[in-house]
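Numbers here are sequence positions counted from 1. We count ligands from 1, going down the list as the structure has it; atoms in each ligand are counted the same way.
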Amino acid sequence: MNEQTNHYEIAIVGSGPAGFTAAIYAVRGGASTVLFGGVAPGGQLLQTMEIENYPGFVDPVVGADLMMRMLKQAARLGTRVLQESVSEADFSASPFKLKAGGRDYTADVVILATGAQARWLGMPSEEKFKGKGVSGCATCDGFFFRGREVCVVGGGDSAAEDALFLTKFATKVYLVHRRDKLRASFRLQEKLKANPKIELIYDHVPEEFIGEGKLTAVNLKNVKTGAVRRLEVPGAFIAIGHTPATELVKGKLALDESGYVLANDKTETSVPGVFAAGDVMDTRYKQAVVAAGAGCKAALEALEFLE
Ligand SMILES: Cc1cc2nc3c(=O)[nH]c(=O)nc-3n(C[C@H](O)[C@H](O)[C@H](O)COP(=O)(O)OP(=O)(O)OC[C@H]3O[C@@H](n4cnc5c(N)ncnc54)[C@H](O)[C@@H]3O)c2cc1C
């Protein structure tokens, strides 16, 4: 790094599994590396208490612990980890320009790993039971509801896929949708209808999540009649989509219609020298280990680009 210009060979924006893995590979590949982690580095896993599907942990690991380990590993190897958000990015010429914490930085390569945010309904009772029965991730938490009844809220492809996935564990899955028909693809709708474990509940929205410490029931309101129906379920999966964190790069990188960064198998974006990894470019898997894998790829590609 050049102290006067704050120039780095590789600048990583984002501090989830993708960002930290990219940092680990970048510094071990010999590149001067800075990682902008935002005000609370760690990403989405900070929101979860129990991770059971990240390899290497025999017992469940707390999200914040896992992320702190990644941060320390990246820092020990030589990454400069800054607790700052990148507020501006200019990819129009090399070296690329970034602004963070009121300071200017330049980098030969940028790895964008800003992640995504699961969308929530925004109800106080939903907030109260997050991680205590209310979940934003069926792949992550479905396993905990083996032999129980659960509901899924949503009507698109992800809600349909979540409902079908959850039938592997749950005895019954209620799919609750606010309209009178689903947005999910025809193929998925056929699968839902053919699955005896799934009950479709149209024209209903959650009115309240109920429980003592942990979720035990969800009150649904019929949007047409106002009638209330109670589902006695210990698990409720909110599947109303994700918002990728791409505000910073709008108009600077090619994005898909939902705002995700368009990146190829090699994590290359529309701008040579800018790579994207993790949930910010992943419309399908949204898992920590996949994000970490993409971060590894991005760093290896970045190192090759520098050569
Ligand atoms: C409640 C919950 C539970 C989950 N449980 C599991 C699980 O059990 N197992 C599993 O594999 N996956 C789980 N996931 C999914 C997993 O968290 C994500 O797939 C993974 O965190 C994605 O990693 P990422 O590095 O792409 O981005 P993120 O984790 O989203 O991290 C991106 C980070 O970049 C920061 N950032 C954004 N913009 C900027 C900027 N301009 N400047 C600086 N920093 C910025 C963000 O603030 C954030 O900290 C869960 C997700 C949630 C929400």
At what distance is the nearest protein heavy atom to [atom], and which residue and atom is it?
atom	result
atom 9 (N) of ligand 1	N53 OD1, 2.8 Å
atom 29 (O) of ligand 1	Q44 N, 3.0 Å
atom 3 (C) of ligand 1	T48 CB, 3.6 Å
atom 42 (N) of ligand 1	V86 N, 2.9 Å
atom 18 (C) of ligand 1	D279 OD2, 3.3 Å
atom 6 (C) of ligand 1	C140 SG, 2.9 Å
atom 27 (O) of ligand 1	G115 CA, 3.3 Å
atom 47 (O) of ligand 1	G37 O, 4.8 Å

Taking only heavy atoms of [X], which atoms of ligand 1 are found under 4.0 Å from at least one of them?
X	result
Q287	9 (N), 10 (C), 11 (O), 12 (N), 19 (O)
G278	26 (O)
A116	30 (O)
Q47	53 (C)
A113	32 (C), 34 (O)
S85	42 (N), 43 (C)

Item to check | Shortest reach to atom 49 (O) of ligand 1 by a heavy atom, considering only S87, A18, G43 | outcome: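 The residue whose heavy atom sits nearest atom 49 (O) of ligand 1 is G43.
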
Checklist entry - Which option out of G38, G14, P55, P41 puts a heavy atom nearest to atom 35 (C) of ligand 1? => result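 Considering heavy atoms of G38, G14, P55, P41, the nearest to atom 35 (C) of ligand 1 sits in G14.
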
State yes or no: are the ring centers of [X] and [Y] separated by less than 6.0 Å?
X	Y	value
F145	F237	yes
F169	F144	no
F129	F209	no

Report yes if the side chains of [X] and [Y] come closer than 4.5 Å at any heavy-atom pair, otherwise no.
X	Y	answer
T269	L112	no
P234	L215	no
R80	S32	no

Checklist entry - When you measure from the side chain of E268 to the backbone N and O of N264, does any donor-acceptor pair fall under 3.5 Å? => result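 Side chain of E268 to backbone of N264, a donor-acceptor pair under 3.5 Å: no, none is there.
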
Item to check | N-O pairing of R187 and E190 below 4.0 Å | outcome: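 Salt bridge: no.
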
Item to check | Note: K99-D104 ion pair, threshold 4.0 Å (strictly below) | outcome: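 D104 and K99: salt-bridged.
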
Checklist entry - Can you pull the salt bridge (Lys or Arg N to Asp or Glu O under 4.0 Å) pairs that have at least one residue in residues 225-254, sequence neighbours excluded? => result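 Salt bridge (Lys or Arg N to Asp or Glu O under 4.0 Å) check on residues 225-254 returns E199-R229, E247-K250.
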
Item to check | Contact list for residues 84-93, test salt bridge (Lys or Arg N to Asp or Glu O under 4.0 Å), sequence neighbours left out | outcome: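 Pairs touching residues 84-93 that pass the test: none.
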
Ignoring angles and geometry beyond distance, decide whether [X] reaches within less than 3.5 Å of ligand 1 through its nitrogen or oxygen atoms.
X	value
L248	no
K286	yes
W120	no

Checklist entry - Do K224 and D180 pass the salt bridge (Lys or Arg N to Asp or Glu O under 4.0 Å) test, and can you show the C-alpha distance, the side-chain angles, and the key distance before you say yes or no? => result CA-CA 10 Å; K224 289 190 172 151; D180 58 5; 3.7 Å; yes

Checklist entry - Take atom NZ in K172; do more than 12 heavy atoms of anything else shown fall under 6.0 Å from it? => result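 More than 12 heavy atoms, drawn from other residues, nucleotides or ligands, come within 6.0 Å of this atom.
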
Next on the checklist: If you count heavy atoms of other groups shown closer than 6.0 angstrom to NZ of K130, is the number above 12?
Outcome noted: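 Count over threshold, so yes.
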
Does ligand 1 have an atom that lies less than 4.0 angstrom from a heavy atom of [X]?
X	result
Y54	no
E84	yes
A118	no
S15	yes

Checklist entry - Relative to ligand 1, is V13 under 4.0 angstrom through side chain, backbone, both or neither, heavy atoms considered? => result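 Side chain only.
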
Next on the checklist: In the complex you have, is atom 38 (N) of ligand 1 within reach of the protein, judged by whether a heavy-atom distance drops under 4.0 Å?
Outcome noted: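 Under the 4.0 Å cut-off, atom 38 (N) of ligand 1 does have protein heavy-atom neighbours.
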
Next on the checklist: Using every non-hydrogen atom in the two residues, find where A254 and S270 come nearest and quote the distance to one decimal.
Outcome noted: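 Distance-wise, the nearest heavy atoms are N-OG, 2.8 Å.
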
